[in-house]
Peer 1: 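Got a structure for you, written out below as structure tokens; questions coming shortly.
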Amino acid sequence: MIFLTLGDNYSGVYASQVLGVCRYLSQISEKPVRLISFIAIPVFVEHRKKIKDAYPHAIVLPAWPRIRNWRKNYILLRFILFFLPEKKIMARGVFATLLAQKLKKNGTIQQQVIMDGRGATQAEWQEYKVIEDTSVVAEGFELEKQAVLGSDFRLGVSQELTKYWKKQFNYQREEHVVVPCTLNKAFL
């Protein structure tokens, strides 16, 4: 399996919600999960080292500048996947999920696309001003809807998030599981 991230820079949250999940999935599947992570260019060298040191099965790539260019990362991702045997992707967040869905649609991957939904993306963008590009924020609802409805399976952080999907996007299926956030092992 591949765990795909786009635009998530290394942090404590990244260590627990990305690297911790990759380690856990590797342990239960008894196969290493390959992490493919697209990182912002200004912090690429520093964060690439941190990620590779913490998780050797990672491929860390520079992301296209500016979040509005998120779709352009598809070209490099498709090229990389051509050389990898894994054909199932768990994608963290809207942008990574949409790239994975496009890869499945064109046949680059043949198995599931699993959305790791960590929150109500559109609501976060508006409330916390996570994304400053108004053109991306304006299409946020449709992007999130497409990511949720177009995935084969979903991970939600809470029952409230799955209720949000049902209310906002008319998500009718039960093809999801709730996986709450946990503490990083460093706190133990």
Peer 1: Measuring centre to centre across the rings, with the benzene-like ring taken for any Trp, is H47 within less than 6.0 Å of Y14?
Peer 2: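 When the ring centroids of H47 and Y14 are compared, they turn out to be at least 6.0 Å apart.
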Peer 1: Is I59 close to R34 at the side-chain level, that is, under 4.5 Å between some pair of heavy atoms?
Peer 2: yes
Peer 1: Using the rule that Ile, Leu, Val, Met, Phe, Trp and Tyr join whenever any side-chain heavy atoms are under 4.5 Å apart, tell me whether V13 and L4 fall into a single cluster.
Peer 2: no
Peer 1: The test is side chain to side chain contact (heavy atoms under 4.5 Å, CB included); show your working for L155 and V21 and say whether it passes.
Peer 2: CA-CA 12 Å; L155 276 73; V21 169; 5.9 Å; no
Peer 1: How far does CD of Q146 sit from CD of E139, to the nearest 0.5 angstrom?
Peer 2: 9.5 Å
Peer 1: Compile the donor-acceptor pairs under 3.5 Å between side chains in residues 75-89 and protein atoms, sequence neighbours left out, one pair per line.
Peer 2:
from : atom 1 : to   : atom 2 : distance (Å)
R78  : NE     : T108 : OG1    : 3.1
K87  : NZ     : L84  : O      : 3.3

Peer 1: Can you list the steps and then say if Y10 with I39 is a side chain to side chain contact (heavy atoms under 4.5 Å, CB included)?
Peer 2: CA-CA 8 Å; Y10 186 86; I39 300 293; 6.0 Å; no
Peer 1: Could you tell me whether a side-chain N or O of Q110 sits under 3.5 Å from a main-chain N or O of G107, the two making a donor and an acceptor?
Peer 2: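 Yes; judged by distance alone, with no hydrogens or angles, the pair exists.
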Peer 1: Without swapping roles, check the side chain of K52 against the backbone of A58 for a donor-acceptor pair under 3.5 Å.
Peer 2: yes
Peer 1: Got F95 and I67 here, is their nearest side-chain heavy-atom distance under 4.5 Å?
Peer 2: yes
Peer 1: Would you name the heavy atoms of V18 and R92 that are closest together and state the gap between them?
Peer 2: CG2-CD, 3.5 Å
Peer 1: With K31, which residues qualify under salt bridge (Lys or Arg N to Asp or Glu O under 4.0 Å), at least two apart?
Peer 2: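 In terms of salt bridge (Lys or Arg N to Asp or Glu O under 4.0 Å), with neighbours along the sequence ignored, K31 is linked to no residue.
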Peer 1: Identify the heavy atoms of L19 and Y55 that sit nearest to each other, and give their distance.
Peer 2: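 In this case the closest contact between L19 and Y55 is CD2-CB, 3.6 Å.
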Peer 1: L98 vs K102, test: side chain to side chain contact (heavy atoms under 4.5 Å, CB included). Steps then yes/no.
Peer 2: CA-CA 6 Å; L98 293 173; K102 186 173 180 180; over 6 Å; no
Peer 1: Would you say that V33 contacts M90 through its side chain, given a criterion of any heavy-atom pair below 4.5 Å between the two side chains?
Peer 2: no
Peer 1: Please determine whether a side-chain nitrogen of the Lys or Arg among K167 and E160 lies less than 4.0 Å from a carboxylate oxygen of the Asp or Glu.
Peer 2: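 The answer is no: the pair does not qualify as a salt bridge.
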Peer 1: Would Y24 end up clustered with I51 when hydrophobic side chains under 4.5 Å apart are linked, directly or stepwise?
Peer 2: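 In one cluster with Y24: I51, yes.
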Peer 1: On a heavy-atom basis, which atom in K166 and which in R173 lie closest, and how many Å separate them?
Peer 2: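 Heavy-atom minimum between the residues: CE-O, 4.2 Å.
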Peer 1: Do you reckon F153 sits in the same ILVMFWY cluster as V178, going by side-chain contacts under 4.5 Å, direct or chained?
Peer 2: no
Peer 1: Is the backbone of V94 close enough, under 3.5 Å, to the side chain of E144 for a donor and an acceptor to pair up by distance?
Peer 2: no
Peer 1: Please give me the minimum heavy-atom distance between G156 and W165, naming the atom from each residue.
Peer 2: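 So the minimum-distance heavy-atom pair works out to CA-CH2, 3.9 Å.
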Peer 1: Ignoring hydrogens and angles, tell me if any N or O in the side chain of D152 forms a donor-acceptor pair with the backbone of V113 under 3.5 Å.
Peer 2: yes
Peer 1: Okay, side chain of S37, backbone of V60: is any donor-acceptor separation there less than 3.5 Å?
Peer 2: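 Looks like no, no N/O pair under 3.5 Å.
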Peer 1: What residues, two or more places apart in sequence or in another chain, satisfy side-chain hydrogen bond (donor to acceptor under 3.5 Å, both in side chains) together with Y164?
Peer 2: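 Y164 satisfies side-chain hydrogen bond (donor to acceptor under 3.5 Å, both in side chains) with no other residue.
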Peer 1: Roughly how far apart are T97 OG1 and L6 CG, rounded to 0.5 Å?
Peer 2: 10.0 Å
Peer 1: Could you tell me if the side chain of F141 sits less than 4.5 Å from the side chain of Q168, heavy atoms only?
Peer 2: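 Yes, side chains in contact.
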Peer 1: Nearest 0.5 Å, please: how far is CD in Q111 from NZ in K104?
Peer 2: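 The NZ atom of K104 sits 9.0 Å away from the CD atom of Q111.
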Peer 1: Which heavy atom of V148 sits nearest a heavy atom of R154, and at what distance?
Peer 2: O-NE, 2.7 Å
Peer 1: Tell me if a side-chain donor or acceptor on D53 pairs with a main-chain N or O of K50 at a distance below 3.5 Å.
Peer 2: no
Peer 1: Heavy atoms only: give me the nearest F44-L61 pair and the separation to one decimal.
Peer 2: CE1-C, 3.3 Å
Peer 1: Are L143 and W64 grouped together when hydrophobic residues (ILVMFWY) are joined by side-chain heavy atoms under 4.5 angstrom apart?
Peer 2: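 No, because L143 and W64 fall into different hydrophobic clusters, even though each may have its own neighbours under 4.5 Å.
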Peer 1: Grouping I, L, V, M, F, W and Y whenever their side-chain heavy atoms are under 4.5 Å apart, do I41 and V45 come out in a common cluster?
Peer 2: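 In one cluster: no.
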